[in-house]
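Per chain, numbering begins at 1; letters A, B, ... match sequence-line order.
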Amino acid sequence: MATWSVLALLRENPEELKRHIAKRLMDPAIVDEVLAVDIEWRRLQTEINELRHRHNVITRSIARASSEEERARLREEARELLRKLEVLEARFNEVDSRRTQLLLSLPNLVDDDVPVGDESASVPIEFWGKPRVWVGYLDQFREQTERYGFKVEYELIDWKPVGHADMLEEILGLGDTRKAGEVAGSRFYYLFEDLVWLDFALLLYAIDKLTAKGYKLVLPPYMLRYNVMAGVIDLAAFKDAIYKIEGEDLYLIATAEHSLAALYYNEELYDDELPIKLVGVSPCFRKEAGAGSRDLKGIFRVHQFHKVEQFIFSKPEDSRRLHEEIINNAKEMFQELGLPYRVVKIASGDLGAPAVKKYDLEVWMPAQGKYREMVSASNCTDWQAYRLNIKMIRRKGMIREYVHTLNSTAIASTRTITAILENYQEPDGTVIIPKVLRKYLEPFERAPKDYIKPRRKGEEART
RNA sequence: GCCGGGGUGGCCGAGCGGCCUAAGGCGACGGGCUUGAGACCCGUUGUCCCCCCUGGGGACGCGCGGGUUCGAAUCCCGCCCCCGGCGCCA
């Protein structure tokens, strides 16, 4: 019998489950509630099973009854049981849907390795690259490195790089968020020419990199049904992030993770075919309802962007190792892109409900004087698999368990573009194109090759 | 979107109101036989609940959800998906 780790812990050691939930800074009282409902659920089920059994016995005897009178008597007896069952089943259905709802509202467990606390407890565990630090940001740069005991080499610059938002609209003239705002709303954008080429070059680079490592390339559905979406994310994320198609049971994906996870919805995988490593490409649609006015300028936080995503279905015993693998893949790509980053181990209070552990990769943004999130890599263990009903069968003994799922950004296009606009910016506004991207631009006549040249807004593109 | 056909266990495929709750085959797993493998023989093969829990009992399960009946894979209604034809379309 396959068991979901959270349900197993609820039944075996509810106090321990409470500690996990408390680590997420959530109210552990839900544990008592769901435990009581689960007990009631089991009790009712036992009672109903017994009544149904008696009913089945009678029902079977009707066909074999010797006389018409006997049949009539048995029918009445069966009806009497049905009346009792009706009452019990009504209770059960109530309890059952309550139980389902409560179980689905439980977050995943928290890995022992995760720092406990709110987001301020998240800890950088590794720095890479030589960030360019403007003199005015030196203090805050030190604050973001030395405070955690890291001595990070940097290049001090005396000119302040232009922020990505002004770069794209004013210096390069290759983006228009004002017009997009007028016709679609804030957090939408038009990108033009070289930045569009750059977007596609980034995607191709990530696809090339990961398929070379054996990941299977997938172009997934961009919309999913409610039941499937609810299997992948928690309700809070649903409200804050997900767009619904009017009049249809369809929701726009916020990341390819959602439809990649759903690839084996209601299926069983044999242990000898795992791990299954996928690389998906898709647009991502996000409401950003909880974001308020954060990052309103530019294209850092937008309703729509392209992303290449890593996704793995794994054996339970392999998921920790594979979690390291996907964050390492991301690191490798950002190293090759030459973007200085740090890896942050996310604190328990800031974990999403699906994950037991999460790493973010944050790139140094010279114009903001901050490290900003580019990549997020999560180990979801059996949380999504339980909800999507994806099991693993161990050949040895044909034992069924839930598979583990893992996901990580490879490259999110618009965010990575913001990082390139700030990190590869020359004092005159020229943006150097990272070397690894150039081969993906080479075949196209009108694509930029080595540089993106400044040309004020309204100026004709290219020379 | 319209008309017609169809969705049965991991897979193929019978069954079309009760001969007790899915025949038969394949696969997989366990065991027997064997020096080993194959062939062969026996058993097992979904979900859930209960118990005196190396085992035993029961409920549910035939695309999904309802309904009719003492009894539904079998009859009725709604939805989803697949195949064929027509229409529309990048």
Side-chain angles (χ1 to χ4, degrees), chain A residues 1-8 10-12 34-104 219-231 244-245 247-251 259 262-274 276 283 313 315 382 385-403:
Chain A
M1 178 184 67
T3 34
W4 177 35
S5 57
V6 175
L7 180 58
L10 172 79
R11 288 177 174 179
E12 284 156 25
V34 65
L35 184 61
V37 170
D38 185 53
I39 289 168
E40 173 73 352
W41 179 83
R42 294 160 86 176
R43 197 187 62 72
L44 277 170
Q45 203 169 339
T46 305
E47 208 175 324
I48 286 170
N49 283 350
E50 278 165 16
L51 275 182
R52 281 199 187 137
H53 177 57
R54 284 168 56 197
H55 179 259
N56 285 344
V57 170
I58 292 169
T59 276
R60 282 176 209 140
S61 69
I62 288 178
R64 286 185 270 106
S66 49
S67 65
E68 191 47 53
E69 297 80 68
E70 180 68 0
R71 266 192 281 276
R73 194 184 64 74
L74 288 168
R75 265 202 293 272
E76 188 39 52
E77 211 174 309
R79 278 197 202 97
E80 177 57 28
L81 282 175
L82 283 178
R83 279 191 281 273
K84 283 186 189 160
L85 266 171
E86 204 177 344
V87 178
L88 279 176
E89 277 169 353
R91 281 274 313 282
F92 178 77
N93 288 340
E94 229 170 86
V95 170
D96 184 52
S97 60
R98 178 103 190 98
R99 174 178 177 271
T100 304
Q101 190 193 329
L102 283 167
L103 282 179
L104 292 182
L219 194 136
Y222 300 159
M223 301 176 209
L224 296 169
R225 293 188 206 292
Y226 178 87
N227 276 342
V228 176
M229 200 59 109
K244 185 185 191 323
I245 304 297
E248 309 260 355
D249 180 26
L250 283 175
Y251 298 80
S259 28
L263 180 59
Y264 296 104
Y265 182 64
N266 272 331
E267 289 192 40
E268 296 177 319
L269 302 163
Y270 284 100
D271 59 347
D272 52 23
E273 52 189 329
L274 295 171
I276 295 171
F313 294 93
K315 295 193 249 185
D382 60 357
Y386 168 73
R387 300 156 80 98
L388 293 170
N389 193 29
I390 304 173
K391 285 177 192 140
M392 175 188 84
I393 305 177
R394 285 190 200 277
R395 290 275 184 197
K396 203 171 170 59
M398 296 297 279
I399 309 292
R400 283 174 168 78
E401 296 170 43
Y402 286 103
V403 299

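Interface residues of residues 89-103 of chain A facing RNA chain B, ordered by number: none; criterion, heavy-atom separation under 4.0 Å.
Rounded to an integer number of Å, the gap from A:Asp272 CG to B:rG10 P is 17 Å. Rounded to whole angstrom, the span from the CG atom of A:Leu51 across to the C1' atom of B:rC49 amounts to 14 Å. Per the geometry, CG belonging to A:Leu269 stands 13 Å off P belonging to B:rC11, to the nearest Å. In this structure, CZ of A:Arg400 is placed 10 Å from C1' of B:rC29, rounded to the nearest angstrom. We find that NZ of A:Lys391 is positioned 17 Å from C1' of B:rA28, with the value rounded to whole Å. Atoms CD1 (A:Ile390) and P (B:rG10) sit 16 Å apart, rounded to a whole Å. Following rounding to the nearest Å, A:Glu268 (CD) and B:rG27 (C1') show an atom-to-atom distance of 14 Å. We find that CG of A:Leu44 is positioned 18 Å from P of B:rC48, with the value rounded to whole Å.
Every residue two or more places apart in sequence or in another chain that forms a salt bridge (charged side-chain N to carboxylate O under 4.0 Å, His left out) with A:Arg11 is listed here: A:Asp38. With sequence neighbours left out, the salt bridge (charged side-chain N to carboxylate O under 4.0 Å, His left out) criterion links A:Asp271 to no other residue. Take A:Arg42 and apply the side-chain hydrogen bond (donor to acceptor under 3.5 Å, both in side chains) test, not counting sequence neighbours, and it matches no residue. For the side chain to side chain contact (heavy atoms under 4.5 Å, CB included) test, no residue two or more places apart in sequence or in another chain qualifies with A:Glu94. Residues passing the side-chain hydrogen bond (donor to acceptor under 3.5 Å, both in side chains) test with A:Gln101, sequence neighbours excluded: none. Evaluation of the side-chain hydrogen bond (donor to acceptor under 3.5 Å, both in side chains) rule for A:Asp96 yields A:Trp41 as partners, not counting sequence neighbours. A:Tyr264 is linked by a ring-ring contact (aromatic ring centres under 6.0 Å, His included) to A:Phe313, counting only residues two or more places apart in sequence or in another chain.
Classification of the A:Trp4-A:Tyr386 ring pair by plane angle, with boundaries at 30° and 60°, yields parallel.
Separating the P atom of B:rU44 from that of B:rC83 is a span of 38 Å, rounded to the nearest Å. For B:rC86 and B:rC19, the P atoms lie 45 Å apart once the distance is rounded to whole Å. B:rC76 and B:rG24 have their C1' atoms separated by 31 Å, given to the nearest Å. When the P atom is used for both B:rC82 and B:rG30, the distance is 37 Å, rounded to whole Å. Spacing of P atoms, B:rG66 relative to B:rC16, comes out at 26 Å, to the nearest Å. As rounded to the nearest Å, B:rG4 and B:rG13 have C1' atoms that lie 24 Å from one another. Separation of the C1' atoms belonging to B:rC60 and B:rA22 is 14 Å when rounded to the nearest angstrom. Rounded to the nearest Å, the gap between the C1' atom of B:rA73 and that of B:rA23 is 14 Å.
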Listed pairs under 3.5 Å, donor-acceptor, residues 219-227 of chain A side chains, sequence neighbours left out:
none

> What is the per-nucleotide protein-contact pattern of nucleotides 58-83 of chain B, from the 5' end, where B denotes a base atom under 4.0 Å from a protein heavy atom, S denotes such proximity for sugar-phosphate atoms only, and - denotes neither?
Replying inline: BSS---------BS--------SS--

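From A:Tyr270, atom OH reaches atom CE of A:Met398 across 4.0 Å, with rounding to the nearest 0.5 Å. In this structure, the separation between CG on A:Leu81 and CD1 on A:Ile58 is 4.5 Å, given to the nearest 0.5 Å.
Residue contacts for A:Arg83: at a heavy-atom cut-off of 4.0 Å it reaches no nucleic acid atom on any strand shown.
Each of A:Thr46 and A:Arg394 lies near RNA chain B, and the nucleotide nearest A:Arg394 is the one positioned closer to the 5' end.
Evaluation of the side-chain hydrogen bond (donor to acceptor under 3.5 Å, both in side chains) test over residues 81-93 of chain A, restricted to residues two or more places apart or in two chains, returns A:Glu40-A:Arg91, A:Arg52-A:Glu89, A:Glu76-A:Arg83, A:Glu80-A:Arg83.
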>> If you apply the rule salt bridge (charged side-chain N to carboxylate O under 4.0 Å, His left out), what do you find for A:Arg73 with A:Glu77, and how did you get there?
In response: CA-CA 6 Å; A:Arg73 194 184 64 74; A:Glu77 211 174 309; 3.0 Å; yes

>> Both atom distances under 3.5 Å, Watson-Crick or G-U wobble: I'd like the secondary structure of RNA chain B as a dot-bracket string, with | for pairs made across strands.
In response: ((((((((.[[[..)..(.....]]]((((((.......))))))((((((...))))))..[[[[[..)....]]]]])))))))....

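Of the side-chain N and O atoms in A:Arg43, none sit less than 4.0 angstrom from OP1 or OP2 of B:rC49.
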